[in-house]
Number of protein chains: 2
Amino acid sequence: MKRDSRLSGVLHVLLHMAQQPGPFTSETLAKAMDTNPVVIRRIMAGLREIGYVRSEKGHGGGWTIACDLSKVTLRDVYAALGNPPLLAMGNRTEAPGCLVEQAVNAALDQAFDDAEALLLARLGEVTLAMLGEDLRKRLGSRKHQGMKAHRA
Amino acid sequence: MKRDSRLSGVLHVLLHMAQQPGPFTSETLAKAMDTNPVVIRRIMAGLREIGYVRSEKGHGGGWTIACDLSKVTLRDVYAALGNPPLLAMGNRTEAPGCLVEQAVNAALDQAFDDAEALLLARLGEVTLAMLGEDLRKRLGSRKHQGMKAHRA
DNA sequence: TTTCATGTAACTTTATATGTTACATGAAAA
DNA sequence: TTTTCATGTAACATATAAAGTTACATGAAA
């Protein structure tokens, strides 16, 4: 399976947008992310439906943040993407008649569920505002370590 | 990506083998698992190299368990598979120059690393012997709940 | 020497994320 | 009104990885 990077991607977009007033076109964002405008629209669609961002057509149109960044967590963003699978591994069969498989599933599910729960909890602890704050720190210390260009 | 079920599969095989003395041919095991003999050989290869199982060619050949089931954990089995990816999600770019992406990666990595560590820890708590014990309990209570056929 | 079983390479299939093209929709500007 | 710009979305293409399949070499027992 290819690794899912949509959460990573959409957070990148949001954080970029939070740095300056919008709106931003999908094309602008796509260039910054080195990808395709349609990919941007795709990962933003869920956030628009929930109301975290807004989009406008036509001249001067594009994407705008429409939420309180201190109220939205990474977990909320993940949910807006449609709760895609977190774990790369799973059971062979979900509701097996075979008792052997049931025993295996029970053991694995316990571990899997714990890990998923922890991951979601951790994501729920971080707001977009906190991410922005961390970024500001990084931007501040940048000039002290060689002014590496901001690629995007 | 397709969900990886090799750990689930190989545990199923081991638990089956633990129920009665071997050896078992790949074909027998494949039928029990409703899959292909080559798939069995493939997921068993790593375990053979580490010495958890043995394989013999020719008449009377097949697979045999060659380890102390109370000493091998699910984590050990996972490692024998070659430590395949645990998480379905990841960062867009691993070592980005973009500070925005660095900030995103830092936040996500913390959550990802914690979840992975917990998952591995949980797998490390369960031995194959414990799995077998759980299975024996399930086999015992089976007759009290309708004798559902053992599919495999 | 025949039969059986593993070992493995090569290929096919399937699932899923990502990338791309094409075009409809609607809004602002000319 | 017409043109331009931007999103919305379907359809198709590509990439990656697991799982399934075929074919054949290797080696052991009958």
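Atom set for the values below is all heavy atoms of this structure, side chains included, hydrogens, waters and symmetry mates excluded. Sequence lines set the chain letters: A, B, ... in the order given, protein chains first and strands last, and positions in each chain run from 1.
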Tell me, do A:V13 and A:I40 make a side-chain contact under 4.5 Å, heavy atoms counted?
-> yes
Does a side-chain heavy-atom distance below 4.5 Å link B:E94 with B:N91?
-> yes
d(CG, B:D4; P, D:dG20) in whole Å | 12 Å
Reckon B:S26 has a side-chain N or O less than 4.0 Å from the OP1 or OP2 of C:dT6?
-> yes
Taking only N and O in the side chain of A:R3, is any of them less than 4.0 Å away from OP1 or OP2 of D:dT16?
-> no
C:dG7 phosphate, OP1 or OP2: any side-chain N/O from B:R48 under 4.0 angstrom?
-> yes
For the pair made of CG in A:L29 and P in D:dA6, what is the distance, rounded to whole Å?
-> 12 Å
Base, sugar-phosphate, or nothing for A:R92, non-hydrogen atoms under 4.0 angstrom?
-> nothing
A:M44 versus A:S55: any side-chain heavy-atom pair under 4.5 Å?
-> no
Does OP1 or OP2 of D:dA18 have a side-chain N or O of B:S5 closer than 4.0 Å?
-> no
Does B:V77 reach the side chain of B:L128, with side-chain heavy atoms less than 4.5 Å apart?
-> yes
Taking A:S8 for the side chain and B:R92 for the main chain, is one N or O donor matched with an acceptor at less than 3.5 Å?
-> yes
Using only side-chain N and O atoms of B:S55, determine if any of them is under 4.0 Å from OP1 or OP2 of C:dA5.
-> no
Non-hydrogen side-chain atoms of B:M17 and B:P23 separated by less than 4.5 Å | no
Hits for side chain to side chain donor-acceptor pair (under 3.5 Å) against A:T64, two or more places apart or cross-chain, chain-then-number order -> none
Within this structure, what is the CD1-to-P distance between B:I40 and C:dG7, rounded to whole angstrom?
-> 13 Å
Check B:R138, B:K137, B:R136 against B:D134 for a side-chain hydrogen bond (donor to acceptor under 3.5 Å, both in side chains) and give me the one that passes.
-> B:R138
Scan B:R54 against the nucleic acid and name what it touches under 4.0 Å (heavy atoms): base, sugar-phosphate only, or nothing.
-> nothing
Flag side-chain contact, heavy atom, 4.5 Å: A:T127 against A:L74 = no
Do A:I65 and A:R54 have side chains that get closer than 4.5 Å, going by heavy atoms?
-> no
How close or far is atom P of D:dG8 from atom CG of A:L47, stated in whole angstroms?
-> 12 Å
Measure the distance from NZ on A:K2 to P on C:dG19 and round it to the nearest whole Å.
-> 7 Å
Sugar-phosphate or base contact per nucleotide [nucleotides 21-30 of chain D; S, B, -; heavy atom under 4.0 Å] = BB---BBBBS
Rounded to the nearest angstrom, tell me the gap between atom CZ in A:F24 and atom P in D:dT7.
-> 12 Å
Phosphate contact (D:dA6 OP1 or OP2) by A:T25 side-chain N/O below 4.0 Å = no
Using whole Å, report how far CG of A:L86 lies from P of C:dT16.
-> 15 Å
Base-paired stems in DNA chain D, each at least three Watson-Crick or G-U pairs under 3.5 Å | C:1-30 with D:1-30
What integer distance in Å separates A:I43:CD1 from D:dT7:C1'?
-> 15 Å
